[in-house]
Number of protein chains: 2
Amino acid sequence: MNTMKMTPQRLAVLQYLNGNTQHPSAEEIYRAVSLQYPTMSFATVYNTLETLRKAGTIQELWIDPLRKRFDPNPLPHNHVICIQCKKIVDVAVEQIMELPDRLSEEFEIVNSQVTFFGICSACKKQ
Amino acid sequence: MNTMKMTPQRLAVLQYLNGNTQHPSAEEIYRAVSLQYPTMSFATVYNTLETLRKAGTIQELWIDPLRKRFDPNPLPHNHVICIQCKKIVDVAVEQIMELPDRLSEEFEIVNSQVTFFGICSACKKQ
DNA sequence: CTGGCTGCAAATCTTTTGCATCCTG
DNA sequence: CAGGATGCAAAAGATTTGCAGCCAG
């Protein structure tokens with residue numbers, strides 16, 4: 001985990017993300033942080049998210065087909081996503097997954113995660 | 001699994017995908033099929049892929065952050081992706097994953113998959 | 001002063017959409 | 001003839017990039 005210069009914009013992004021369980025997209029983060037920093041630009045949001053990711057502070061999720069989502073928890077953990085409304089919820093890791101031998105020769109694994117696809121109760125009602 | 005009208009374009013997409021282990025993107029599929037059908041349009045590729053997905057013939061993967069990828073194997077299975085070159089390789093399912101009780105009340109799971117993130121041997125050499 | 005950060009606008013890339021035309025049954 | 005499929009172009013969305021100006025050490 002590297003150090004990084006702490007600017008007001010970066011702090012604002014961090015604070016918005018911190019403890020946030022919604023797995024927001026860049027656009028949602030931009031909208032929220034804009035309230036405090038009306039001059040905040042999209043480029044800065046993307047730059048900041050990339051910097052935070054490289055620093056190991058946050059995690060980028062590629063689970064939603066429409067956009068990247070961001071998770072303040074950088075530790076490996078699992079997710080369940082509603083295939084209708086794209087709501088994402090954290091799932092605790094219950095077992096470590098391993099590659100079959102044949103593939104573990106070809107790939108050096110740095111992380112793994114389980115994704116559950118389902119329908120949330122709110123969407124099921126409709 | 002529904003029936004669908006079999007047009008030459010759809011057949012060409014299906015044949016390109018069939019047995020293909022590369023998990024190609026829409027653009028790669030378009031380029032390949034264009035060789036046979038020079039008038040084939042992007043819209044038709046996307047329409048066809050969506051039709052095939054709805055018919056349960058293929059699977060859409062949301063693993064590569066840059067683009068959707070398509071898998072001719074519609075059955076649940078796992079993947080390993082190289083975080084550098086984005087190469088994707090199939091991984092056999094070795095155990096069925098389940099949601100913790102608390103969440104299984106909120107979500108009705110339709111599928112789950114494990115994604116391994118790693119570096120492939122080709123990228124490791126560099 | 002210098003390097004990094006920001007803000008803005010434009011560019012890029014993927015995917016979707018509207019619409020006219022074309023086939024096929 | 002009707003409905004679905006195709007091709008084309010434009011639109012829409014997400015993300016990246018170039019660049020000028022700013023700020024802090």
Side-chain angles (χ1 to χ4, degrees), chain A residues 2-17 22-55 57-71 81 83 85-86 88, chain B residues 2-17 22-55 57-71 81 83 85-86 88:
Chain A
N2 303 321
T3 59
M4 53 181 286
K5 198 183 280 187
M6 257 315 151
T7 66
Q9 291 88 340
R10 288 183 179 173
L11 253 181
V13 169
L14 256 183
Q15 283 172 358
Y16 176 69
L17 240 28
Q22 304 301 304
H23 307 80
S25 65
E27 216 251 326
E28 287 166 321
I29 295 169
Y30 169 70
R31 275 212 311 274
V33 176
S34 290
L35 299 179
Q36 276 177 72
Y37 293 90
T39 68
M40 162 76 79
S41 75
F42 244 109
T44 299
V45 170
Y46 276 103
N47 285 341
T48 297
L49 291 169
E50 175 63 7
T51 304
L52 291 171
R53 190 194 60 74
K54 279 209 205 112
T57 308
I58 66 172
Q59 192 170 168
E60 204 181 87
L61 304 182
W62 308 339
I63 291 175
D64 179 343
L66 301 177
R67 57 188 71 77
K68 292 179 185 168
R69 306 272 291 249
F70 296 86
D71 190 327
I81 181 169
I83 56 180
C85 69
K86 307 293 188 290
I88 296 174
Chain B
N2 303 322
T3 57
M4 52 180 286
K5 198 183 280 186
M6 258 315 151
T7 66
Q9 290 89 341
R10 289 183 177 172
L11 252 182
V13 168
L14 255 182
Q15 282 172 357
Y16 175 69
L17 239 29
Q22 303 302 303
H23 307 81
S25 66
E27 216 252 327
E28 287 166 323
I29 296 168
Y30 169 70
R31 275 212 311 275
V33 177
S34 289
L35 299 179
Q36 274 178 72
Y37 292 89
T39 67
M40 161 77 78
S41 76
F42 244 110
T44 299
V45 171
Y46 276 101
N47 285 341
T48 298
L49 291 170
E50 175 63 5
T51 304
L52 290 171
R53 190 194 61 73
K54 279 210 205 112
T57 308
I58 67 172
Q59 191 170 167
E60 204 181 85
L61 303 183
W62 309 338
I63 290 175
D64 179 343
L66 302 177
R67 55 187 71 75
K68 291 180 185 168
R69 306 272 291 248
F70 296 86
D71 190 325
I81 180 169
I83 55 181
C85 69
K86 307 293 187 294
I88 296 174

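Reminder, nothing fancy here: chain letters follow the sequence lines and each chain counts from 1. We use all heavy atoms of the structure for the numbers below, so side chains are in, but hydrogens, waters and symmetry mates are not.
Proximity of a side-chain donor or acceptor of A:Ser34 to a complementary backbone N or O of A:Tyr37 within less than 3.5 Å is not detected.
Residue B:Arg10 has a polar side-chain atom (N or O) positioned under 4.0 Å from OP1 or OP2 of D:dA5.
For A:Asn47 and D:dA14, the CG to C1' distance is 15 Å, given to the nearest whole Å. In this entry the distance linking OH of B:Tyr37 with C1' of D:dA5 reads 14 Å, nearest Å. B:Lys54 places its NZ atom 13 Å from the C1' atom of D:dG4, with the value rounded to the nearest Å. Look at NZ on B:Lys68: it is 12 Å from P on D:dA14, rounded to the nearest Å. One can place CD of A:Glu50 at 10 Å from P of D:dT17, the figure rounded to the nearest angstrom. Atom P of nucleotide D:dT6 and atom CD of B:Gln36 are separated by 14 Å, given to the nearest angstrom. Here D:dA5 presents its P atom at 11 Å from CE of B:Met6, a figure rounded to the nearest Å. The distance from atom CZ of B:Arg67 to atom P of D:dT16 is 12 Å, rounded to the nearest whole Å.
With contacts defined as side-chain heavy-atom distances shorter than 4.5 Å, the pair B:Pro65/A:Lys68 qualifies. With contacts defined as side-chain heavy-atom distances shorter than 4.5 Å, the pair B:Arg69/B:Ile63 does not qualify.
The two residues A:Glu27 and A:Phe42 make their nearest non-hydrogen contact at CG-CZ, 3.6 Å.
For DNA chain C, the contact window with chain A, defined by any atom under 4.0 Å from a protein heavy atom, covers C:dC5 to C:dC8 in 5' to 3' order.
With distances taken from any side-chain atom of A:Tyr46 to the nucleotides D:dA9, D:dA14, D:dT6, the minimum falls on D:dA14.
Side chains of A:Thr51 and A:Thr48: a donor-acceptor N/O pair is absent below 3.5 angstrom, by distance only.
Taking CG from A:Leu35 and OH from A:Tyr30, the interatomic distance works out to 10.5 Å, rounded to the nearest 0.5 Å.
Contact annotation for A:Thr44: base contact, defined as any heavy-atom pair under 4.0 Å involving a base atom. Residue A:Glu27 is out of contact with every strand shown, counting any heavy-atom pair closer than 4.0 Å.
B:Lys86 has no carboxylate O lying under 4.0 Å from a charged side-chain N of B:Asp64, or vice versa, which leaves the two without a salt bridge.
Along DNA chain D, the nucleotide nearest B:Leu66 and the nucleotide nearest B:Thr51 are compared for position; the residue whose nucleotide lies closer to the 5' end is B:Thr51.
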